[in-house]
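Quick notes on the structure that follows.
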Amino acid sequence: MTFILVLCLGAFAGCDTEDSPVHVDWDKREELRLEPQREALTYAYLPQYSHTVSYQRHNKLVEYLRRTTGLPIRQVYPDTFDEHIHMVAQGKIDISFSNPMVYAKIAEQFGARAFARIVEPNGRAQFRGQIICRRDNKAITSLADCRGKSWIAVDPYSAGGYLFDLGVFLEHGLTREDFSEIAFAPGPGGKQEKVALAVFAGRYDIGSIREGTLDIVKDTIDVDQLRILAHTPWYPGWVYAARKGLPDKTIAKIRQALLDLDLAHPRDQEILDRAGFKAIIPSSDADYEPVRALMRTIGVEGDA
Amino acid sequence: MLSWRWPFGRLRFRSKLGWGMAAIVLVFGLLLGHLLTDMAAHSLLEQHHKLGETVARNLARRAAEPLLATDLLRLENMVDEVTARTENAEYAFVVDAAHQVLAHSFERGFPVELIAANMPEDNRSHRQLLRSQPGLIDDFAAPVLIEGDRIGWVRVGVSRGAVSKTYTRLWMVGLGLTLAAIAFGLVLVSLFARTVARRLARLRDCAEEIVKGNLDVVSSEDNRVNCWEIMDCQMGNCPAYGEKRLRCWYQAGTLCPQCGPGGYPDKLSSCRHCPVYRRCAGDELQELAEAFDVMAATLKDYLGQIQTARQDMARQRQLLRTILDVTPDLVSLQDVNLVYQAANKAFCKYFNLEEKDIVGRTDFDIFSEAQADQNYHEDKQILVTGEALSKEIAVAGERNRRWFHILKVPVYDRDRITGLLLTARDITVVKQYQEQLVHSQKMEDLGRLAGGIAHEINTPLGIILGYTQLLLEDFEEGTQSRTDLETIEKQARICRKLVADLLGFSRQSGFTRAEMELNDSIREVISLVEHTFSLNKVWIRSDFDANIPPIEADKERLKQVWMNLFNNAFDAIGEDGFIFVRTKLCAHRRRVVVTVADTGPGIGEDDLDKIFDPFFSTKPVGKGTGLGLSVTFGIIKDHGGRINALSPAPNEYMPSEMEEQIQIGAGTVFIIELPVVDDVLPEDECEEATRHVVRSEQSSA
């Protein structure tokens, strides 16, 4: 009898009580209007990765710049390389962090000026691209084997993800026409990752990415299934450029703040680590002549 | 105060079982139904919540990129897609870090109160129940996070209406199924209760049969396969073969090779592996019924044994009782507290009590206080020491004294004394024989002494008498000297007669045996004294047995016996009386009995034992020497016979016709037995002689 009583109590005790609901008057409605964004300097990271990765890498840096320079700075996210270039052209991006190829273009066409460049985590102020294929693809053991194969690249304006690699193929006697297909990563952002994923999936025979991409996707795919077929030569690294017309004083503040980042400082170390830099060093437009030379070699002009 | 009893207790077991199980099924069915329905409802609601949370989190994850890019179109498409594809979704919207709604799914205006209705402070998802005009809505808020930074929120509202409808439908179905299950359960319970009750009723019926005394009951089910069928057994001498009442594992001595030794339940350890047990062992009720049958069979055996033992005990008890009651000894049994537990008939008769008046009582209730106190101390000492007590006691009765040999022994039960057994044997006769033996020995010694003295005196007495007779010749008659000499001669002759009697008593006189007629010797003596006695009106009556054969005896000495007896009778009667003489040949023709009875005053009890003593006489001084009966005793004894005296004389020894004017006293009768064939009396008793002797001894004891 006691058992039954306890069971009954337990059974009815199991009927929990729902939280008391909050009343919402469904009839009180308004047409919403977005508040206009405040005036601020715009900072854009060439969308070689997804916006999320861009946010993760540069959000701390943007906050640092905002805090250090006292300037209202916000990060904007162009979806494509082309949009990035056009936003620089339209003055929607005040500070552009881009690859040397894009810089060459915006400098050539829209008067952007380089004022700093980064040192890669490997300690070089240069970076390079990689040509990858599946490890189990026995048909491709050298660059010559890439003839007639399908190739996916990051973007027509991607340095390490296309142009550097195209230069390597040209050196080895392979032109664009020698490939059965040259495709570029679709959609906005995340294009380096998309190239690695496309090759991993076997959709394309080879892919071209900038060095460091495999570290980014190692948590997504098994990178051991990929094989690095070749590296491109080293070229000057990613560059900070100011749009045409941005006051020198502003540029100087930002430049100085970037140059002040010191890996030895704990606070700066987090910023640099998240951004994937080792340091930021001074730079000028002249540093990118080798890139312009390559562009001429492969037939990509600044206005291409 | 009236006591109230729960009516459930008066119900039949079947009803109790049925109602109890029905109640259990009902309660548990409802509880289970409720629980299952509740669990299902909770599960449904949980799925509803998980769906909402999943949709909100997915939307938050997908909204990160367009939120960063402020791609309002993509955000708008996302929220529209969510509301379109999510079942029961009422709305979805995205707010940035500044709580500005960037995109929403409402078609006309945004409910402004909705933003603040669910606005968590931390970066965790949160659910809030909303009540609004469409009804209850679960509002799921999921943060849009990048590396822990919250860049905005997405909110998804899912209506509860469909869940409530599903819950109601589920509840109804659950209730219906529960009621159906309960109904089905009740049917099963009823069948189960009926089955169990039927088997219990069979047990009860068997129990009632046992109470009535019928132990040949079979309470177990009989629709079964038997062990000899399973084992294909042909062992007809096995106790289990053909036995349909008891299973083989309940029986000892079964002959299967795998059967263990002994009986139930010891052999069960081996039976559990037997295919018969595996196949035939039933449930607990079946085991109970079979155990019941075993109990009944065992009980029957036990009762049979008990009945036999009881009959044996009754027989033994009756035999013991008979022995105890038949024995003339007084027998009693007392416990350690000296309370009488049993007493035989002799004991009860002696104390003139019923057995019920003795059993359960102590000596203090039966005897005098002094006797009881003496017994108590004796008995206690026996109980303490464990040593038996044997003693002879004389008990003075109203008329005479009786001797008893008392034996008290402790009764042991193993090593413990549990009682006291008393036996008391009447040894009065033995005592009398002992006294007679002592008396006879004394008589013999005395006779030898008297004989010696008489022999020595006889010679000088003869010389005195001789010389006296010589001197008489020298004196003339009439002289004083002759008169003196005649006096001396007379007294010497008296002395000589005395010496002759003494020699006769001591059997030192001559003893000549010859064949003689007993009756004739008695007639001769009667003829001698009859005339003399008649002068004093003392008459002799005789009754002789003509069948008495001649006997070997000294005729003259026997005549002296008869003379002595007649003279004693005459002296006792004095005047006016009878002397009755009778002879009788005993039935076995091995002895003759002569009785001489008189109508005198009789002999006193104290004197009766002394009449055969030498020199004992009840006559006045000078009237008798006291040697007559002693001599008679000696003569009879020399002939291997026996003489006894009874007084008062029993009537059958007296003549049937006597003159009425004669004064008849108590009378005395002398009974003489003489052997016919041998020199000694036969060992078997002569009824005619001993009947009254024994009676006389008893009465004089």
Side-chain angles (χ1 to χ4, degrees), chain A residues 1 3-38 42 44-45 47 49-60 62-63 74-80 83 87 187-190 270 274, chain B residues 23-24 27-28 30-35 38-39 41-42 45 61 64-72 74 90-91 93 95-96 98 100-104 106 108-118 127-139 145-149 151 157 160:
Chain A
M1 186 59 74
F3 170 73
I4 295 174
L5 190 62
V6 170
L7 194 66
C8 294
L9 290 174
F12 289 105
C15 306
D16 61 352
T17 53
E18 188 65 65
D19 296 336
S20 50
V22 174
H23 180 74
V24 174
D25 188 351
W26 215 246
D27 294 333
K28 288 185 178 176
R29 299 192 178 214
E30 289 181 1
E31 291 296 337
L32 300 179
R33 191 182 304 275
L34 288 177
E35 292 292 327
Q37 288 187 326
R38 289 183 299 170
T42 55
Y45 173 27
Y49 301 116
S50 67
H51 294 335
T52 305
V53 173
S54 296
Y55 178 89
Q56 289 170 349
R57 285 193 160 196
H58 289 263
N59 183 47
K60 294 290 181 187
V62 173
E63 283 184 8
R74 63 181 168 88
Q75 189 177 359
V76 295
Y77 301 88
D79 285 337
T80 63
E83 184 181 2
M87 285 178 70
E270 185 189 358
R274 289 188 61 163
Chain B
I24 291 172
V27 170
F28 278 91
L30 288 174
L31 279 174
L32 202 60
H34 174 76
L35 279 173
D38 196 59
M39 284 170 63
H42 274 79
L45 198 59
R61 191 159 43 248
E65 294 272 335
L67 194 62
L68 286 173
T70 322
D71 190 340
L72 301 180
R74 285 178 61 195
E90 286 286 330
Y91 58 84
F93 61 94
V95 295
D96 62 9
Q100 282 197 104
V101 177
L102 301 181
H104 63 79
F106 293 99
R108 53 176 188 82
F110 185 88
V112 291
E113 293 181 356
L114 191 57
I115 297 176
N118 187 13
R127 177 181 58 82
Q128 177 63 52
L129 182 63
L130 305 180
R131 182 188 301 281
S132 61
Q133 282 80 340
L136 289 174
I137 297 173
D138 280 304
D139 184 280
L145 298 174
I146 301 176
E147 284 288 313
D149 294 337
I151 62 172
R160 275 278 186 94

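Since this is a predicted model, take the numbers as computed values, not measurements. Here is how names work: the chains are called A, B, and so on, in the same order as the sequence lines, proteins then strands, and each is numbered from 1.
- Of the possible polar contacts, none joining the A/E30 side chain to the B/F110 backbone as a donor-acceptor pair under 3.5 Å is found.
- Using a 4.5 Å cut-off between heavy atoms, A/D27 contacts chain B through both its backbone and its side chain.
- Both the backbone and the side chain of A/V24 come within contact range of chain B, judged by heavy atoms closer than 4.5 Å.
- Ranked by heavy-atom pairs under 4.5 Å with chain A, the list B/L67, B/T70, B/V112 is led by B/V112.
- For chain A, no part of B/F93 is nearby; none of its heavy atoms comes within less than 4.5 Å.
- Heavy-atom distances place the side chain of B/L136, and not its backbone, under 4.5 Å from chain A.
- Contacts between B/L72 and chain A at a heavy-atom distance below 4.5 Å involve the side chain alone, from C-beta outward.
- With a 4.5 angstrom heavy-atom cutoff, A/R274 touches chain B only via side-chain atoms.
- Listed for the A/H51 side chain is no donor-acceptor partner under 3.5 Å among the backbone atoms of B/L68.
- Inspection of the B/D139 and B/Y91 side chains reveals an N or O donor paired with an N or O acceptor under 3.5 Å.
- Using modelled atom types, one side-chain atom of A/E83 and one backbone atom of A/D79 make a donor-acceptor pair closer than 3.5 Å.
- Using cut-offs of 30° and 60° on the angle between ring planes, the pair A/H58 and A/Y45 is tilted.
- Listed options B/A64, B/A69, B/A117 were ranked by heavy-atom pairs under 4.5 angstrom with chain A; first place goes to B/A69.
- In the model, B/D149 has no side-chain atom that pairs as donor or acceptor with a side-chain atom of A/Q56 under 3.5 Å.
- A/L34 touches chain B through backbone and side chain together, each having a heavy atom under 4.5 Å away.
- Checking A/Q75 against A/S54 by side-chain atom types alone, no donor-acceptor pair falls below 3.5 Å.
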